[in-house]
Amino acid sequence: MHGSEPCRSAMAMSSAVEGKLLPTPSGFIAHSRSVAELAGLPALLGASLCPAAAKHAAGHSPAVVGWGLKPSAARAARFALGHGLPFWRLEDGFLRSVGLGQDEPPLAIVVDDLGIYYDASTPSRLETLIAAPYAAAEQDRARALMAGWREQRMSKYNGARDYAGPLPERYVLVVDQTRGDASICHGLADPASFQTMLQAALRENPEATVLVKIHPDVMAGRKQGHYDPAALGKLSRVRVLAEDAHPATLVEQARAIYTVTSQVGFEGLLWGKRVRTFGMPFYAGWGLTEDDLSAPSRRRPVPLENLVHAVLVNYSRYLDPESGERCEVERLLAWMGLQRRMRARFPGTLYALGFSRWKKPFVRDFFQGSNVRFVNRAEKVPEKSLLAVWGRKPVRGKLPETVSLLRLEDGFLRSVGLGADLVRPLSWIMDRRGIYYDATVPSDLEQLLQTAEFDVPLLTRARDLRAAICQHGLTKYNVGEGSWRRPPGARRVILVPGQVESDASIRYGAPGIRGNFDLLRAVREANPDACLLYKPHPDVVAGLRAKGQGEGAAGQYCDEIVVDVPMGMLLDMVDEVHVLTSLAGFEALLRGRKVVTYGLPFYAGWGLTQDIVPLARRSRKLKLEELVAGVLIEYPIYVSRRTGRFTTPERALQELLLWREEGPARLPLWRQGWRLLMRLGGKQ
């Protein structure tokens, strides 16, 4: 067994095929530079890369590794044989990645000491695993994996969108493959097998359309396929799918899958489809498919659960893209499913207006899965398009009436550093109705909090997320290194967080009171005997934003002004927090503090705060965990600093903690100069 795998489940550890799995080597030798430099390979193998000279070390038995059946692997095999070392063939796994093979390294590989799974001419470790007995618990796990595969709508590559066009009422799916694919010739097939397959599909399904799917690499222009789309178009009942579509929907709705050796045939079995093969892929010959070729004698009928457990659990190894450590298939399945869902939220093409050059890469990151076209004038946006803009900035120019707006804004677990720093944020808000800080109109967040059903698992996540945030003292910006002591004898301490007075949340959410000075005066008048603390906004302290009118005289209404003290520390030590619209009010609610609002922030009006200004639209009374679930889990979008892919708020919180340990990134010289100008009285 793989004793170096801390995340390997107990279920897998107790496998009935334990004795047939490969041991963890003392190291590995790679004779190919591309294999040696493969990202994550040491974690996947549980061993470090060794120089070829390591074969001479006493008690050292590294494994020699090569990639599939490439010529470099043949050289590596000869080296291993000549030095009495084990030789392992590596290949891409069956749940490989988001993007295509040439775009990113695999998150799953297979390791085989006997052959390789797609070579039917010789035994492989996978065949041994498929034929082995499996316990009831392992069969249950295999069934759960099949359900999870369908639920997450997985395939080998998962960057393309599901096919959204009309499909025939009755069709069978014929899967093309790239010319020169090693699985074809080593799967006992040849180019003629594809013509045989097409004719069989037409003959065996006289009342169905034959839908021919072209391989993604062919659609990307990297390789050639086995069919001429123009010739196929002349055939009766044949329809060509000439776009890069994810196969999940195509497989789900097909009556049968016709394949030579493509993995889509295996996926058809996971979907419970009839599968016809015209080569000898790894999943054929086990009594689960209708095979045009005779199976090798070493393959015999087995339950589908055997095949699934062997392929997805015992034969494959998975890399957690966020931790960089080896993980179980269920973890990668969940992560890949998140990518699929998030990439499908918006149209394939959308437009963005008014973004600076430094912010455009962030826009692309948060809209990955869609093609973002940046424009500098509203008139360039086509009819019926989706247009992304920042916050409540006015759109200059005349937009077509059919264009829909999507407003973006920083999320609530944003970064380490100040709001005006040019750092990549961990979270953004995307709102089709309005934006969370604009109380003059409804927003997606308000609609969510007013109507959503929060189930027990979601509320449990919210409770745990809230506890972690409070435990680690996290807030939106996570700056400040000073400390503060509660005044001796103070019975009631109120914190008044300052805001940037030009902030849109004040303009659109604070009727009556327009600035920090007015807020302090109102709080003091309502609480003459309390100890009032005032914390200026960190952007103002840093000179990145202008001070508000009268803010210099704030001391006449407060007992103390605190500056370089982390907000999380203060929130733990005060009794109440009084705000206009500051996010600090929400952060205080997380810590169980009394919050009084003098404006209309997004967290007011739900029965959790004392509100000076009512908002009739918000009529639902929420529990704190329901508010947290909506605000931190359901509403924002998170993108990982490590992977550049979508992530969960829980992972974003972990990355925020690591980021805080590293400290804010050093600003470029031009940015430091800009800060200095601001401090000297310049304007942003």
With side-chain contact (heavy atoms from CB on, under 4.5 Å) as the test, pick out the partner of Tyr171 among Val210, Leu211, Asn205. Leu211

Derivation and outcome, side-chain contact (heavy atoms from CB on, under 4.5 Å), residues Asn306 and Trp286: CA-CA 10 Å; Asn306 277 36; Trp286 303 102; over 6 Å; no

What closest approach, in Å, do Gly68 and Tyr118 show between heavy atoms, and which atom pair accounts for it? CA-OH, 3.6 Å

Kindly indicate, with the supporting measurements, whether the criterion side-chain hydrogen bond (donor to acceptor under 3.5 Å, both in side chains) is fulfilled by Thr647 and Glu322. CA-CA 9 Å; Thr647 191; Glu322 296 184 326; 2.5 Å; yes

Check whether the side chains of Tyr258 and Glu204 place a donor and an acceptor atom closer than 3.5 Å, and report yes or no. yes

Can you name the residues that form a side-chain contact (heavy atoms from CB on, under 4.5 Å) with Ser97, not counting sequence neighbours? Glu104, Tyr157

Is there a donor-acceptor contact under 3.5 Å linking the side chains of Gln368 and Arg645? yes

Gap separating the CG atom of Asp113 from the CZ atom of Phe87, nearest 0.5 angstrom: 10.5 Å

Quick test of your reading of the model: are Glu127 and Arg299 salt-bridged, counting only N-O distances below 4.0 Å? yes

What is the ring orientation for Phe282 with Phe266, classed by angle as parallel under 30°, tilted 30 to 60°, or perpendicular over 60°? tilted

When rounded to the nearest 0.5 angstrom, what distance separates OG1 in Thr261 from CZ in Phe278? 12.5 Å

Would you call Arg141 and Glu328 a salt bridge, using N to O less than 4.0 angstrom? yes

Taking atom types as modelled and ignoring hydrogens, do the side chains of Arg298 and Thr122 form a donor-acceptor contact shorter than 3.5 angstrom? no

Walk me through it: do Glu267 and Gln263 pass the test side-chain hydrogen bond (donor to acceptor under 3.5 Å, both in side chains)? CA-CA 6 Å; Glu267 296 169 15; Gln263 181 182 309; 3.0 Å; yes

Salt bridge (charged side-chain N to carboxylate O under 4.0 Å, His left out) with Asp320: which residues, sequence neighbours excluded? Arg331

Identify whether the distance between the nearest side-chain nitrogen and carboxylate oxygen of Arg143 and Asp140 falls below 4.0 Å. yes

